[in-house]
Number of protein chains: 2
Amino acid sequence: MIGMKIGELARSTRTAVETIRYYEKIGLMPQVARTEGNYRSYGSNEAERLGFIRRARDLGFGIDQVRALLSLADERDRDCGEVDFIAKSNLLEVERKIAALQNLQQELSAVVRQCRAGKVADCRILKALGRPADWAD
Amino acid sequence: MIGMKIGELARSTRTAVETIRYYEKIGLMPQVARTEGNYRSYGSNEAERLGFIRRARDLGFGIDQVRALLSLADERDRDCGEVDFIAKSNLLEVERKIAALQNLQQELSAVVRQCRAGKVADCRILKALGRPADWAD
DNA sequence: ATGAACCCTGTAGCAACTACAGGGTCAAGT
DNA sequence: ACTTGACCCTGTAGTTGCTACAGGGTTCAT
Ligand SMILES: [Zn+2]
Ligand SMILES: [Zn+2]
Ligand SMILES: [Zn+2]
Ligand SMILES: [Zn+2]
């Protein structure tokens with residue numbers, strides 16, 4: 001579809017209109033031509049680009065990583081090592097976050113398990129928070 | 001230790017000085033007495049309170065949850081059900097985040113595995129990002 | 001011509017800090 | 001006495017990635 005207004009592009013990529021304008025402001029999406037009424041007019045290039053951005057964001061890539069991926073994608077006969085590096089960095093970061101949250105989950109569920117429904121004065125959860133963590137690990 | 005300056009309190013709780021001032025600004029830490037030279041002067045009450053805050057934050061509680069826990073902790077002969085509810089909510093939220101990240105990790109590592117180091121034009125990672133996700137799941 | 005649905009810009013807000021800028025205070029060393 | 005350096009103060013702006021207005025303009029159907 002050609003000559004899409006921003007709302008159509010938004011629907012077709014499941015993106016909020018304001019997000020598209022935001023991407024334009026930070027230079028992730030291009031400034032496109034306007035209609036007479038000053039409406040942005042998008043074509044299939046932009047739709048593809050936004051689709052790429054959305055999928056990359058959904059996979060956890062940061063804005064700057066997406067920016068880098070997009071510009072690498074244009075240098076077609078270059079080696080893809082940098083692309084792979086970015087993707088692997090993201091994967092590592094995701095794995096790091098999982099590990100950190102799993103640690104957290106362990107400690108937190110240990111704390112939660114302590115509670116024998118009673119008065120606040122005796123609550124083990126508050127006791128656990130109230131003093132240095134010699135009870136944990 | 002009594003009559004601590006903010007830097008000492010910061011060191012003893014492994015908190016940044018600016019974070020303590022920030023906690024004061026948002027009402028999580030109290031406004032304490034000042035010295036002649038207008039320096040904040042902390043006692044052991046505040047040190048304990050900040051310790052509690054730090055541990056709760058480390059366990060993933062949000063600022064508003066910490067605020068609620070602190071005020072519940074003062075009503076000593078109340079039932080601790082609300083405390084437990086907050087803690088369990090936090091645990092659930094942590095578990096939700098872990099699950100989401102594990103999903104992400106699956107999809108992302110599937111993408112990363114595709115790459116056979118070559119030219120950008122053939123990079124499977126970019127191909128995966130460049131089109132709707134019919135390759136995944 | 002009036003209304004609904006859409007579009008525009010620009011600014012402020014979210015969480016939870018972090019990083020200055022541009023000062024003041026205090027103790028130690030010379 | 002004076003200077004250096006470490007510390008402290010307030011206030012504001014930046015971070016990430018959007019989201020939510022406020023206060024307008026455009027388009028199109030009825
Ligand atoms: Zn309890
Ligand atoms: Zn631990
Ligand atoms: Zn590749
Ligand atoms: Zn999927």
Side-chain angles (χ1 to χ4, degrees), chain A residues 1 3-29 31-42 46 50 52-70 89-90 93-94 96-97 100-101 104, chain B residues 1 3-29 31-42 46 50 52-70 89-90 93-94 96-97 100-101 104:
Chain A
M1 196 185 296
M4 271 182 290
K5 283 185 267 183
I6 200 170
E8 281 178 280
L9 178 61
R11 271 189 299 280
S12 78
T13 54
R14 284 179 225 88
T15 306
V17 166
E18 282 120 336
T19 302
I20 300 174
R21 287 198 284 248
Y22 168 71
Y23 286 163
E24 181 186 303
K25 192 163 65 181
I26 64 172
L28 201 54
M29 286 291 286
Q31 291 185 314
V32 292
R34 302 295 182 106
T35 67
E36 276 188 32
N38 197 32
Y39 289 7
R40 287 169 181 83
S41 177
Y42 293 100
E46 286 84 30
L50 184 53
F52 184 104
I53 294 170
R54 283 276 313 156
R55 283 182 289 276
R57 295 284 303 121
D58 279 356
L59 286 172
F61 290 93
I63 294 278
D64 282 350
Q65 290 179 317
V66 177
R67 210 188 291 277
L69 289 174
L70 281 165
S89 306
N90 185 23
E93 182 61 17
V94 169
R96 214 191 46 71
K97 281 182 190 160
L101 283 172
L104 202 58
Chain B
M1 195 184 297
M4 271 182 290
K5 282 185 268 181
I6 199 169
E8 281 177 279
L9 178 61
R11 270 189 300 280
S12 77
T13 54
R14 284 179 226 88
T15 307
V17 165
E18 282 123 335
T19 302
I20 299 175
R21 287 197 284 248
Y22 169 71
Y23 286 164
E24 182 186 304
K25 192 163 64 181
I26 64 173
L28 201 56
M29 287 291 287
Q31 291 185 314
V32 292
R34 302 295 182 105
T35 67
E36 275 189 32
N38 197 30
Y39 289 7
R40 288 169 181 83
S41 177
Y42 292 101
E46 287 83 32
L50 184 52
F52 184 105
I53 294 169
R54 283 278 311 158
R55 282 183 289 275
R57 294 284 304 119
D58 279 356
L59 286 172
F61 291 93
I63 295 278
D64 281 351
Q65 291 179 317
V66 177
R67 211 189 289 277
L69 288 174
L70 281 165
S89 307
N90 185 23
E93 182 61 17
V94 168
R96 213 192 46 70
K97 280 183 190 161
L101 283 172
L104 201 58

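Quick note on labels: first sequence line is chain A, next is B, and so on, each numbered from 1.
- Where B:Y39 and A:N38 each meet DNA chain D at their nearest nucleotide, the meeting point lying more 5' is that of B:Y39.
- Scanning both residues, A:S89 and A:Q65, for their nearest heavy atoms gives CB-NE2, 4.4 Å.
- Comparing B:G37 and A:R40 by the nucleotide of DNA chain C whose heavy atom lies nearest to each, the residue mapping closer to the 5' end is A:R40.
- Rounded to an integer number of Å, the gap from B:R67 CZ to C:dA15 C1' is 12 Å.
- Smallest separation of non-hydrogen atoms from A:R54 and A:T13: NE-O, 3.5 Å.
- In the set D:dT19, C:dC17, C:dC7, C:dC17 carries the atom at the smallest distance from any side-chain atom of B:I63.
- A salt bridge is defined here as a Lys NZ or Arg NE, NH1 or NH2 lying under 4.0 Å from an Asp or Glu carboxylate O, and A:R11 with A:E8 fails to meet this definition.
- The distance between atom CD of A:E24 and atom C1' of C:dC7, rounded to the nearest whole Å, is 13 Å.
- Residue A:R34 places its CZ atom among more than 12 non-hydrogen atoms of other residues, nucleotides or ligands, all under 6.0 Å distant.
- Between the OH atom of A:Y22 and the P atom of D:dT15 there is a distance of 10 Å, given to the nearest Å.
- You'll find that the side chain of A:E18 is closest to D:dC21, out of D:dC21, C:dA16, C:dT18.
- Summarising the geometry, the separation between NZ on A:K5 and P on D:dT26 is reported as 13 Å, rounded to the nearest angstrom.
- The distance between atom CG of B:L50 and atom P of C:dA16, rounded to the nearest whole Å, is 16 Å.
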Next on the checklist: Assess the residue pair A:R96 and A:E93 against the criterion (salt bridge (Lys or Arg N to Asp or Glu O under 4.0 Å)); give the C-alpha distance rounded to whole Å, side-chain angles, the decisive distance to 0.1 Å, and a yes or no.
Outcome noted: CA-CA 5 Å; A:R96 214 191 46 71; A:E93 182 61 17; 3.0 Å; yes
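- Backbone-only contact: B:I6 has heavy atoms under 4.0 Å from sugar-phosphate atoms and none from a base.
- In this structure, CD1 of B:I20 is placed 14 Å from P of D:dC7, rounded to the nearest angstrom.
- Taking 4.0 angstrom as the limit, B:R34 places a side-chain polar atom (N or O) nearer than this to OP1 or OP2 of D:dT10.
- Between the C1' atom of C:dA16 and the CG atom of B:D64 lies a distance of 11 Å, rounded to the nearest Å.
- When each of A:R21 and A:T35 is assigned the nucleotide of DNA chain D with its nearest heavy atom, A:R21 is the one assigned upstream, toward the 5' end.
- Atom-to-atom, CD1 of A:I53 to C1' of D:dT16 comes out at 16 Å; the value is rounded to the nearest Å.
- OP1 or OP2 of C:dT18 lies within a sub-4.0 Å distance of a side-chain N or O belonging to B:T19.
- Position along DNA chain C of the nearest nucleotide to B:E36 versus B:R57 favours B:R57 as the more 5'-ward residue.
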